[in-house]
Amino acid sequence: MFDIISWIGLTICIGAFFIKDVFWLRLATLVGCSLLFVYYSHIAIPQGVISNLLVLLINAYYLLHFAKARRAEKASQQSAIPARSLTTEAE
């Protein structure tokens with residue numbers, strides 16, 4: 001079972017090199033490293049645990065940063081839309 005998890009995680013991480021969109025690249029790497037983290041935790045190899053945990057945390061940080069920027073962008077767009085419709089109606 002854990003060997004299957006490691007192969008899936010490895011496949012996802014290698015496949016991430018072919019992704020051009022930064023969001024999907026980070027998400028794929030996060031998922032792949034999560035699976036590899038589980039595998040290396042099970043077989044008790046500290047280097048694998050630490051390296052995958054670090055990559056996982058780095059990608060999680062940037063995904064949260066990306067989500068925060070996206071929410072801020074949507075909020076600014078929503079506040080700009082009523083202002084435009086008011087100026088259009090006034091004209």
Once ring-ring contact (aromatic ring centres under 6.0 Å, His included) is applied, what residue pairs with a partner in residues 7-41 remain, sequence neighbours excluded? Phe23-Phe66

State which residue, out of Val55, Asn59, Leu53, fulfils the side-chain contact (heavy atoms from CB on, under 4.5 Å) condition with Leu57. Leu53

Joint cluster assignment, Ile43 & Ile4, ILVMFWY side-chain distance < 4.5 Å: yes

Should Ile19 and Val22 be counted in the same cluster of Ile, Leu, Val, Met, Phe, Trp and Tyr side chains packed under 4.5 Å apart? no

What are the two closest non-hydrogen atoms of Thr29 and Ala16, and how far apart are they? OG1-CB, 3.6 Å

Any pair counted as side-chain hydrogen bond (donor to acceptor under 3.5 Å, both in side chains), so long as it reaches residues 60-72, sequence neighbours left out: none

Among residues two or more places apart or on two chains, list those pairs meeting side-chain hydrogen bond (donor to acceptor under 3.5 Å, both in side chains) that have a residue in residues 42-58. none

Other than Leu54, which residues form its hydrophobic cluster under the rule that side-chain heavy atoms must be closer than 4.5 Å? Ile50

Counterpart residues, side-chain contact (heavy atoms from CB on, under 4.5 Å), relative to Ile12 (two or more places apart): Ile8, Ala28, Val31, Leu35

Scanning both residues in full, the closest heavy-atom pair of Leu36 with Cys13 reads CD1-SG, 4.0 Å

